[in-house]
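Just the heavy atoms: all of them, side chains too, but no hydrogens, waters or symmetry mates, feed the values below. For clarity, every value in this text was computed on a predicted model and none was experimentally measured.
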Amino acid sequence: MVWRNQTFNFDFILLGIFNHRPIHIFLFSLVLGIFIVAFMENIIMILLIYLDTQLHTPMYFLLRQLSLMDLMLICTTVPKMTFNYLSGRKSISLAGCGIQIFFYVSLLGAECFLLAVMAYDRYVAICNPLRYTILMNQKLCILMTIASWILGSLDGIIVLAAVLSFSYCSSLEIHHFFCDVAALLPLSCTDTSAFERLLFICCVVMLVLPVSVIIGSYSRVIQAVISMHSEESRRKAFTTCSSHLSVVGLYYGAAMFMYMRPASSHTPDQDKIVSAFYTILTPMLNPLIYSLRNKEVSRGFQKLLRKGKLM
């Protein structure tokens, strides 16, 4: 078995998720359609929150950051997958693979921490409304958002450094539609057990700790909502929080299933389906969940459409 030196002069082969059978052509077209919808939705959400001054609050600032992360996430994987499928070329350089891994892992990590910040924001808004402007002021909101980006990027750097330190065997076929860490591990001639432990620790930090913050925040929120006397206040709080919890459930459920299981339990087909769910489908669902169940977003969208600022 030939070992590859750690240089940037060889290519991996992305086997992809589709072939050219009619059913796969249909599925590829469906994924491409979902990508276009997700791309447009997140662009509109970013512009909407930026242009509508009534949405210049911490909650919508965080939502704009979520849309930006989702937009970058789908652009990290889908365009390369589309190019490879349409051109028939399946290769990706080690450098290109490293870029995908860095942005993919960084964005997943940043989004995990951002969702925890969004849960804290809802906790303060509902449980401490009179102190909201103090506990969730603009400066603190920006600092927590920057911290989310930095922590996600640090995780990306750690994973990327480890992956680039491996030696790879003569079989460089990646059973995936992008350079996912879990799909690269079987190709390494290096013992990856230490890295798998490191990856598990990173997942605990990225997933379990934010989930703990989210559970703690929403347990207090639920208690506060139940004790509200106003039906309108209860409805508004429930609508906002249920939207966020839907996003959290979709995102964390898939991510935990993917990265907190032993490597031996992974199968290529299963990993492709789960990855497609939270890298392609979830970025499309997030704006829909927030816009359809949020009157302020819907009202702002209709107002800007009338003014012609979004067209």
Side-chain angles (χ1 to χ4, degrees), residues 49 57-70 72-73 104-159 198-228 236-261 278 282-283 285-287 289-290 293-294:
I49 295 171
T57 63
M59 177 178 132
Y60 292 107
F61 173 79
L62 296 173
L63 181 55
R64 189 173 71 176
Q65 295 299 309
L66 180 66
S67 290
L68 177 60
M69 290 176 184
D70 281 340
M72 294 176 66
L73 183 62
Y104 174 74
V105 174
S106 297
L107 290 165
L108 287 182
E111 196 159 326
C112 284
F113 292 114
L114 185 73
L115 289 172
V117 175
M118 293 174 75
Y120 171 75
D121 171 72
R122 291 301 83 205
Y123 159 72
V124 175
I126 293 172
C127 299
N128 296 282
L130 298 180
R131 301 180 62 198
Y132 181 73
T133 55
I134 299 172
L135 297 175
M136 200 63 187
N137 58 66
Q138 185 180 21
K139 182 179 179 181
L140 180 61
C141 183
I142 292 173
L143 285 175
M144 289 195 291
T145 303
I146 292 173
S148 297
W149 283 99
I150 291 174
L151 290 170
S153 298
L154 286 175
D155 190 52
I157 291 170
I158 292 170
V159 172
L198 174 65
L199 186 63
F200 182 80
I201 292 171
C202 288
C203 288
V204 169
V205 174
M206 280 190 349
L207 297 173
V208 177
L209 292 182
V211 164
S212 301
V213 173
I214 292 169
I215 292 173
S217 297
Y218 275 104
S219 61
R220 297 293 299 274
V221 165
I222 291 170
Q223 292 175 7
V225 170
I226 291 173
S227 63
M228 285 179 178
K236 186 175 180 180
F238 176 77
T239 299
T240 303
C241 294
S242 61
S243 297
H244 186 221
L245 285 173
S246 299
V247 172
V248 168
L250 288 171
Y251 186 81
Y252 281 100
M256 285 183 171
F257 180 81
M258 186 72 182
Y259 292 106
M260 297 199 71
R261 294 179 300 143
Y278 69 83
T282 301
L285 293 176
N286 286 354
I289 290 171
Y290 280 107
R293 306 194 67 176
N294 190 307

Undergrad: Would you sort out whether Leu66 and Leu62 count as a side-chain contact (heavy atoms from CB on, under 4.5 Å), showing the intermediate values?
TA: CA-CA 6 Å; Leu66 180 66; Leu62 296 173; over 6 Å; no
Undergrad: Hey, what do you get for SG (Cys141) to OH (Tyr120), rounding to the nearest 0.5 Å?
TA: 10.5 Å
Undergrad: Could you tell me which non-hydrogen atom of Met59 sits nearest to which non-hydrogen atom of Asp121, and how far apart they are?
TA: CB-OD2, 3.5 Å
Undergrad: What heavy-atom pair brings Asn137 and Leu140 nearest, and what distance separates the two atoms?
TA: OD1-N, 2.8 Å
Undergrad: Test Ile142 against Lys139 for side-chain contact (heavy atoms from CB on, under 4.5 Å), laying out the working first.
TA: CA-CA 5 Å; Ile142 292 173; Lys139 182 179 179 181; 6.0 Å; no
Undergrad: Is there a donor-acceptor pair under 3.5 Å between the side chain of Ser219 and the backbone N or O of Gly216?
TA: yes
Undergrad: Roughly how far, to the nearest 0.5 Å, is CD1 of Ile49 from CG of Leu68?
TA: 11.0 Å
Undergrad: What distance separates Trp149 CH2 from Met69 CE, expressed to the nearest 0.5 Å?
TA: 4.5 Å
Undergrad: Write down the atom of Ala224, the atom of Cys127, and the distance for their closest heavy-atom approach.
TA: CB-SG, 3.8 Å
Undergrad: Quick check: closest heavy atoms across Leu135 and Val124, and the distance to 0.1 Å?
TA: CB-CG1, 3.7 Å
Undergrad: When rounded to the nearest 0.5 angstrom, what distance separates CZ in Phe61 from OG1 in Thr57?
TA: 11.0 Å
Undergrad: If you measure from CZ on Phe113 to CD1 on Ile150, what distance do you get to the nearest 0.5 Å?
TA: 11.5 Å
Undergrad: When rounded to the nearest 0.5 angstrom, what is the spacing between CD1 in Ile158 and OG in Ser153?
TA: 11.0 Å
Undergrad: Just wondering, do Asp70 and Glu111 contact through their side chains at under 4.5 Å, heavy atoms?
TA: yes
Undergrad: Which atom pair, heavy atoms only, marks the closest approach of Ser148 to Leu114?
TA: OG-N, 3.6 Å
